[in-house]
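Quick note on labels: first sequence line is chain A, next is B, and so on, each numbered from 1.
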Protein chains: 2
Amino acid sequence: MVSSIMKKAQSEFLKSSAEFVVLGLLARREMHGYEILKQIESESRGVFAYKEGTLYPLLHRLEGQGSIEAYWEATESARKRRYYRITRAGRKLLQERKSQWAEFRAALDQLVTERAWSAEALS
Amino acid sequence: MVSSIMKKAQSEFLKSSAEFVVLGLLARREMHGYEILKQIESESRGVFAYKEGTLYPLLHRLEGQGSIEAYWEATESARKRRYYRITRAGRKLLQERKSQWAEFRAALDQLVTERAWSAEALS
DNA sequence: CTTGATACCTAGAGTGTCGATATATCGATT
DNA sequence: AATCGATATATCGACACTCTAGGTATCAAG
C-alpha cells in the first residue's frame with residue numbers, strides 16, 4: 001500500500017524543530033547563543049521558547065557535524081560571547097529541512113481536515 | 001522580554017503529532033487501530049507512517065483519559081477488531097490542538113523566513 | 001501449506017527537550 | 001557597597017514520544 005519510497009523523514013524532522021529554527025535564523029546573520037534564544041522567543045511571540053539546556057548542546061552538535069562554525073567574540077570587555085555562522089553544508093541541510101517542513105505541514109493539514117478526501121484524488 | 005503568559009504549548013504539541021492526527025481522523029468517523037494506521041499512511045502519501053508500537057499504546061492512553069472510547073466489533077467471524085470513537089472531551093482536545101497547530105505553523109514559517117521582520121511589526 | 005496482509009499487543013532502546021544547577025559579567029537600584 | 005535581575009555560557013538527569021523488535025492469531029491467495 002502507498003507507493004512511498006518514503007523515508008522516515010517526518011519523525012526525524014519532528015524531533016528537530018530546534019535544529020531547523022536555529023539554522024533558519026543563522027541563515028540570516030551571525031548570532032551568539034543567548035541572542036538566538038531571545039530572538040526565537042520574541043519573533044515567535046513566545047510560541048517557541050527553547051531552554052539553554054536545549055540550545056547549547058544543539059549548537060555544539062551542529063558545530064561538530066559542520067553545519068555551523070563558531071568563534072569567540074573579539075572584544076575588550078570581560079564579557080565573552082560565542083558567535084555562530086552557518087556553513088555551506090548547513091545551508092544545504094536547511095534546504096532539506098525546508099522541503100521536509102513543507103511536506104509535513106501539508107500532510108498534517110490534510111489529515112486533520114474534517115472533510116475527508118480520497119488519497120487517489122490527491123494525485 | 002516578550003509579554004508571553006505563554007505556556008509550553010509548543011513543545012507539548014510537538015511531541016504529540018500522533019495524538020493530533022488520530023483525533024483528527026476519528027473526528028470524521030469511527031475506525032479501528034489498523035485502519036487508522038493505513039489511513040494515515042495512504043492519505044499523507046507516506047509522509048506520516050506511525051508504527052504499531054506507537055499507535056496502540058497511544059490509543060490506550062487516549063481511551064484512559066477519556067478522549068476516545070472503544071468497543072470490540074460485533075461480528076460472526078473470528079477476526080476481532082477494536083473500534084474507536086471520539087468523545088466530547090476528545091473533540092474539545094482536538095480543537096485545542098488545532099489552534100496550537102495553527103500557532104506553531106505560523107511561528108515556524110516566520111522563523112525560517114529569510115527576510116527578518118521585527119517582532120514589533122507583527123503586532 | 002506457506003506466504004503476506006490483516007489485526008491486536010508489549011517491552012526496551014533511542015533521542016529531543018526540559019528542569020535544575022553552576023559559573024561569571026554587567027547595569028541598575030537600594 | 002551590596003544586591004538583584006538580565007546577560008551569557010555550560011552540563012546532567014529526568015521525561016515523553018516514537019521506533020525497533022518481538023509475540024499471537026485470522027484470513028485469502030498461490
Check your understanding: From the list C/dA7, C/dT17, D/dA8, which nucleotide is the closest neighbour of the side chain of A/R81?
Key -> D/dA8
Point to revise | Spacing between A/E41 atom CD and C/dC18 atom C1', to the nearest angstrom | key: 14 Å
Exercise for review: Would you tell me if any nitrogen or oxygen in the side chain of A/S16 comes within less than 4.0 Å of OP1 or OP2 on C/dT17?
Suggested key: no
Check your understanding: C/dA7 C1' sits how many Å from B/K51 NZ, rounded?
Key -> 17 Å
Check your understanding: Tell me: OH of A/Y71 to P of D/dA8, nearest whole Å?
Key -> 14 Å
Check your understanding: According to a strict under-4.0 Å criterion, is A/S77 in side-chain N/O contact with OP1 or OP2 of C/dC26?
Key -> yes
Review point. B/Y71: which other cluster members, linking ILVMFWY side chains closer than 4.5 Å, directly or transitively?
Key: B/Y83
Study note, to complete from the structure: Sorted by chain and number, sequence neighbours left out, side chain to side chain contact (heavy atoms under 4.5 Å, CB included) with A/S77 holds for A/T75, A/R79
Practice item. Specify the separation, in whole Å, of atom CD of A/E73 and atom C1' of D/dT9. Key: 13 Å
Kindly give the atom pairs (protein nitrogen or oxygen, nucleotide nitrogen or oxygen) under 3.5 Å for nucleotides 3-5 of chain C.
none

Exercise for review: In whole angstrom, give the distance that lies between atom OH of B/Y50 and atom P of D/dC19.
Suggested key: 7 Å
Review point. Quick check: does any side chain N or O of B/S44 sit under 3.5 Å from a backbone N or O of A/A107, one acting as donor and the other as acceptor?
Key: no
Check your understanding: Checking side chain to side chain contact (heavy atoms under 4.5 Å, CB included) for the pair A/L55/A/Y34: CA distance, chi angles, key distance, verdict?
Key -> CA-CA 9 Å; A/L55 184 68; A/Y34 194 79; over 6 Å; no
Practice item. Return the orientation label for the A/W101 and A/F104 ring planes: parallel under 30°, perpendicular over 60°, tilted otherwise. Key: parallel
Study note, to complete from the structure: Across all chains, not counting sequence neighbours, the side chain to side chain contact (heavy atoms under 4.5 Å, CB included) partners of B/K98 are A/E114, B/F20, B/L94, B/Q95
Practice item. Using the salt bridge (charged side-chain N to carboxylate O under 4.0 Å, His left out) rule, collect all pairs that involve residues 62-72 of chain A, keeping only residues at least two apart or in two chains. Key: A/E63-A/R82, A/E69-A/R85
Practice item. Measure the distance from NE2 on A/H32 to C1' on D/dT7 and round it to the nearest whole Å. Key: 8 Å
Are any protein N/O atoms closer than 3.5 Å to N/O atoms in nucleotides 10-12 of chain D? If there are, list each pair with its distance.
{"unit_1": "D/dA10", "atom_1": "OP2", "unit_2": "A/H60", "atom_2": "NE2", "d": "3.2"}
{"unit_1": "D/dT11", "atom_1": "OP2", "unit_2": "A/H60", "atom_2": "ND1", "d": "3.3"}

Review point. Side-chain donor-acceptor pair under 3.5 Å between A/Q39 and A/E43, yes or no?
Key: yes
Check your understanding: Is the shortest distance from a Lys or Arg side-chain nitrogen in A/E103 or B/R45 to a carboxylate oxygen in the other one below 4.0 Å?
Key -> no
Check your understanding: Atom CG of B/L58 to atom C1' of D/dC17: distance rounded to whole Å?
Key -> 9 Å
Exercise for review: Nearest whole angstrom, please: distance from the P of C/dA7 to the CD of B/E35.
Suggested key: 8 Å
